[in-house]
Amino acid sequence: MAVTEAENPLVGEITCGSLLQKLQEIWDEVGESDEERDKMLLQIEQECLDVYKRKVEQAAKSRAQLLQALSDAKLELSTLISALGDKSFISIPETTLGTINEQLAAIAPALEQLLKQKEERVKEFSDVQSQIQKICGEIAGNASEQTGAPAVDESDLSLKKLNEYQVKLQELQKEKSDRLHKVLEFVSTVHDLCAVLGMDFFSTVTEVHPSLDDTTGVQSKSISNDTLFRLAETVSALNEDKKQRLHKLQELATQLIDLWNLMDTPEEERILFDHVTCHTSASVDRVTVPGALAVDLIEQAEVEVERLDQLKASRMKEIAFKKQVELEEIFARAHIEIDPEAAREKIMALIDSGNVEPTELLADMDNQIAKAKEEVLSRKEILDRVEKWMSACEEESWLEDYNRDENRYNSSRGAHLNLKRAEKARILVNKIPGMVDTLVAKTRAWEEDRGISFSYDGVPLLAMLDEYAMLRQEREEEKRRLRDQKKYGEQQNTEQEAIFGSKPSPARPSGTKKVVGPRANGGTNGTPSRRLSLNATQNGSRSATKDGKRDSMKLAAPANFVAISKEDAASHVSGTDPVPASP
C-alpha cells in the first residue's frame, strides 16, 4: 500500500502518516515482501475500522441516552404540569428546536422549578392530611394507634385539590372545637354534680377518660364519640342520683318538720338541720350548694329522724292528745258536734293497753284528721251561707233597734254613718228569704248525696231553718195584729174626740202606754215570747268551737226574727186600755 500521507509539519508529533512511514522503513530494513506488507496494512485498516465502529456505536448510544433523557424530561415536565394543575405562572420552553443538548438545557430550569414547587406542594398536602388524619383519629378515639404521615397522592397536587383538603380540615377543626366545647360542658356539669353530691370529681371524670382531669391541657382532652357518650351517661347517672337523693332528703326533711311540730321542738334544735329543711320544696335544678346532697348528710338526717321517732314513742300520750285537739278544732270549725271526753278516754285506754303500736295509732289519727278536713271541705259552701244568713239576721236586729230609736234622726255624732248602715241593712234584710231558700236547697242536696242529716253544732240545720220560717211567720202575724190594734186605738180616740170634743191630753202619763219591745220577756198578750236574742245566738255559735256544745234553741234562729218596727211598737197600748182579741 503506497504511503500518500505527507509528514506532519509539527516536529515530534506522532501521526498515522509518520507511523506508517516508520513502518515502511522497518519493512525495508527487514526486507518484508509486498504480500506481507499488504496483508499487514489490510489488518491495520480493519483494526482502524473496528475502532471507528465502536466510536460510532458509543456515539449512537450516547445520543439514544440523550434522547431518552429528553423524552423523560418532557414526560416529567408534562406530569408535573398535570399534577400541579397550573402552568400559567411558569415559562414552558419550545422543546422541538435546537440540538438535543440544547433542548435538554432549555427544559432543565423549568423542570427544576416544577420539581421544587412539587416538593413544596407535597409538603403542604402532607401537613393538611396529617392534621385531618389526627383530628379523625381523635374523633374515632384511635389517635394513639396512628403512626407515620399519611401517603400523598402525587398525581393530583393541584391547588383545587389542596383547597378541598383545607376545607375538609376547617370542617373537622370546627367539629373538634364543638366537641371540645361539649366535652368541657360535660366536665363542668360533672364537677358541679360531684360537688353537690359530695363525690370525688377526679376519680369520677378519669373513669370516663384519663385526659379529662384538670391537669391535662384543653387541646389534649379526648373528644371521641365514646368519650362523649360516656360523659353523657355519667351526667345522666349523676342527675338521677341527685334527683333520688333530693327526694330522699325532702322526705326526711318533711318527717323532721312533722316530728318537730308534733313535739314542739325548740328553734335552737331545728336550726341545726337548716341545711336539710331548706330544700323541702326546692327543685332539682335549684340545689347547687356543694355537699348539699352528700351521703353523710342524708345519713345524719336519717339518724335524727330515727331518734325523733324513738322520742315520739316515749311521748305518745302527749302527741296523741295534741292530734286529738287538732281533730276537735277541725270539727269545731265545721260546727260538727263530737264527744271529746269519750275520744280522749279511748286514746288513753289504747295506749295503756299496749295492744296498738304508737305509729299505727298516730297513723289512724292522721287518717281521721284527713277525713275531717275532707268533711270540712264538703260543708264549706253551706257553712259560708249559714254565716251570711246569721250576719244578715244580726243586721236585721240592729236595724229594728235603730228603727225604735226616736233620736235616730238627730244630728248627733255618727248619725249619718248609722243612716248609711240602715240603708244597706234594709237591702240585706230583703235578701234573707232568698238566702234561706237557697240554704234549704243546698242542705237537702247535701243530705241526699250523703244520706245523712246536716247538723250544725248538733242541731239539724233544716230544723233550724224550719223554726226560723215559723218564727218569721209568727212575727208577721204579730205585726198585722199590732197594726189592727193601732187602728182600733185610733178609732177609740176618734170616738172620744167626737163625744168630749177634744183630743186626749198630750200630758197623759207615760205609764198608761207602756211599749213592749222585741226583747221583752212577755208578748203583747202576756204570754211568754219565743223570741231569741240574736246576740246570744251568735255568741253561742262562736263559742261552740270552745265548749263543743250549744243550746239547740239558741242555734235555731236569731231573736230578731219576731222583732217589730218602731211604728208598730208605738201603737202598742198599755194594759189599762181594753184590747180586743181580734179586730
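One-based numbering along the sequence shown. Excluded from the calculations below are hydrogen atoms, water molecules and symmetry mates; all remaining heavy atoms, backbone and side chain alike, are included. Worth saying up front: this structure is predicted, and the values here are computed from it rather than measured.
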Item to check | Main-chain N/O of Q250 paired to T254 side chain as donor or acceptor, under 3.5 Å | outcome: yes

Heavy-atom nearest pair, A372 first then L327, reads CB-CD1, 3.7 Å

Could you check if a side-chain atom of T234 sits within less than 4.5 angstrom of a side-chain atom of F186, using non-hydrogen atoms only?
-> no

Rounded to the nearest 0.5 Å, the CG atom of L104 sits from the CG atom of L111 at a distance of 10.0 Å

| Does the side chain of Q129 pick up a donor-acceptor pair with the side chain of Q133 at under 3.5 Å? | no

Separation between CD (E326) and CZ (F331), nearest 0.5 Å, reads 11.5 Å

Between E102 and T99, the two heavy atoms sitting closest are OE1-N, 2.9 Å

Requested in this report: Could you tell me whether the side chain of T15 and the main chain of S18 form a donor-acceptor pair under 3.5 Å?
Outcome: yes

Note: L246 and V287 closest approach over all heavy atoms is CD1-CG2, 3.8 Å

(Q) Any donor-acceptor pair under 3.5 Å linking the side-chain atoms of N261 with those of R270? (A) yes

*asked:* Can you tell me how the ring of W260 sits relative to the ring of F273, calling it parallel under 30°, perpendicular over 60° and tilted otherwise?
replied: tilted

Notebook entry, point to check: Taking it one step at a time, do Q255 and E302 satisfy side chain to side chain contact (heavy atoms under 4.5 Å, CB included)?
Noted result: CA-CA 10 Å; Q255 294 177 29; E302 288 177 338; over 6 Å; no

- Neighbour count >12 (heavy atoms, 6.0 Å) for atom CZ, R450: yes

Heavy-atom distance under 4.5 Å between the side chains of M199 and L238, does that happen here? yes

Notebook entry, point to check: Hey, are D50 and R54 close enough for a salt bridge, meaning a charged N less than 4.0 Å from a carboxylate O?
Noted result: no

> Is there side-chain contact between S158 and K161, with at least one heavy-atom pair below 4.5 Å?
Replying inline: yes

Item checked: Exam field: side chain S188 to backbone L184, donor-acceptor pair closer than 3.5 Å -> no

I'd like to know if the side chain of T277 pairs up with that of T280 as donor and acceptor (distance under 3.5 Å, no hydrogens or angles considered). no

Rounded to the nearest 0.5 Å, the CG atom of L252 sits from the CD atom of E306 at a distance of 11.5 Å

Can you confirm whether L212 sits close enough to T227 that some side-chain heavy atom of one is under 4.5 Å from a side-chain heavy atom of the other? yes

For this session: In sequence, state the C-alpha distance, the side-chain angles, and the governing distance for E171 and K174, and then conclude on salt bridge (Lys or Arg N to Asp or Glu O under 4.0 Å).
Result: CA-CA 5 Å; E171 292 175 353; K174 184 179 183 303; over 6 Å; no

Quiz item: How about D28 and Q24: does a side-chain donor come under 3.5 Å of a side-chain acceptor?
Solution: no

| said: Under a 3.5 Å distance rule, please check whether S391 uses its side chain to pair with a backbone N or O of K388 as donor and acceptor. | reply: no

Report task. Would you please test K123 and D127 for salt bridge (Lys or Arg N to Asp or Glu O under 4.0 Å) and show each step? Result -> CA-CA 6 Å; K123 186 176 182 303; D127 291 342; 3.4 Å; yes

May I ask you to decide if I132's main-chain N or O and K168's side chain share a donor-acceptor pair within less than 3.5 Å? no

Closest heavy-atom pair, S224 versus A140, reported as atoms and distance to 0.1 Å, is CB-C, 4.3 Å

- Task: Please report the C-alpha distance between W446 and E381 in whole Å, then the side-chain angles of each, then the deciding distance to 0.1 Å, and finally whether the side chain to side chain contact (heavy atoms under 4.5 Å, CB included) criterion is met.
- Result: CA-CA 10 Å; W446 187 94; E381 182 182 3; over 6 Å; no

Closest heavy-atom pair, C194 versus D200, reported as atoms and distance to 0.1 Å, is SG-O, 4.4 Å

What verdict does the side chain to side chain contact (heavy atoms under 4.5 Å, CB included) test give for K160 and E164, after you've listed the backbone C-alpha separation in whole Å, the side-chain angles of each residue and the deciding distance to 0.1 Å?
CA-CA 6 Å; K160 179 181 178 182; E164 290 178 1; 3.9 Å; yes

Rounding to 0.5 Å, atoms CD (Q43) and SG (C48) come to a distance of 11.0 Å

Just wondering, do Q131 and Q173 contact through their side chains at under 4.5 Å, heavy atoms?
yes

field: S62 side chain to Q58 backbone, donor-acceptor under 3.5 Å
entry: no

- Query: Heavy-atom distance under 4.5 Å between the side chains of H247 and E251, does that happen here?
  - Reply: yes

TODO: Check whether any side-chain heavy atom of R245 lies under 4.5 Å from a side-chain heavy atom of D241, and answer yes or no.
DONE: yes

Practice prompt. State plainly whether the residues E207 and R230 are in salt-bridge range, i.e. N to O under 4.0 Å.
Written response: no

Notebook entry, point to check: Is any side-chain N of the basic residue among D384 and K380 closer than 4.0 Å to the acidic one's carboxylate O?
Noted result: yes

Task: Side-chain heavy atoms of R344 within contact of E328, under 4.5 Å - done: yes

Problem set entry | Main-chain N/O of S222 paired with R179 side-chain donor or acceptor, under 3.5 Å | no

Taken to the nearest 0.5 Å, the spacing of I139 CD1 from L172 CG works out to 5.5 Å

So CD1 of I81 and CD of Q117: to nearest 0.5 Å the spacing works out to 10.0 Å

Closest non-hydrogen atoms of K323 and I369, given as atom of the first, atom of the second and distance, are O-CD1, 3.9 Å

| said: What verdict does the side chain to side chain contact (heavy atoms under 4.5 Å, CB included) test give for T443 and L439, after you've listed the backbone C-alpha separation in whole Å, the side-chain angles of each residue and the deciding distance to 0.1 Å? | reply: CA-CA 6 Å; T443 304; L439 192 54; 4.3 Å; yes

Would you indicate whether E119, at its atom CD, is surrounded by more than 12 heavy atoms from other residues, nucleotides or ligands within a distance under 6.0 Å?
no

Heavy-atom donor-acceptor pair, R37 side chain to E32 backbone, under 3.5 Å: yes

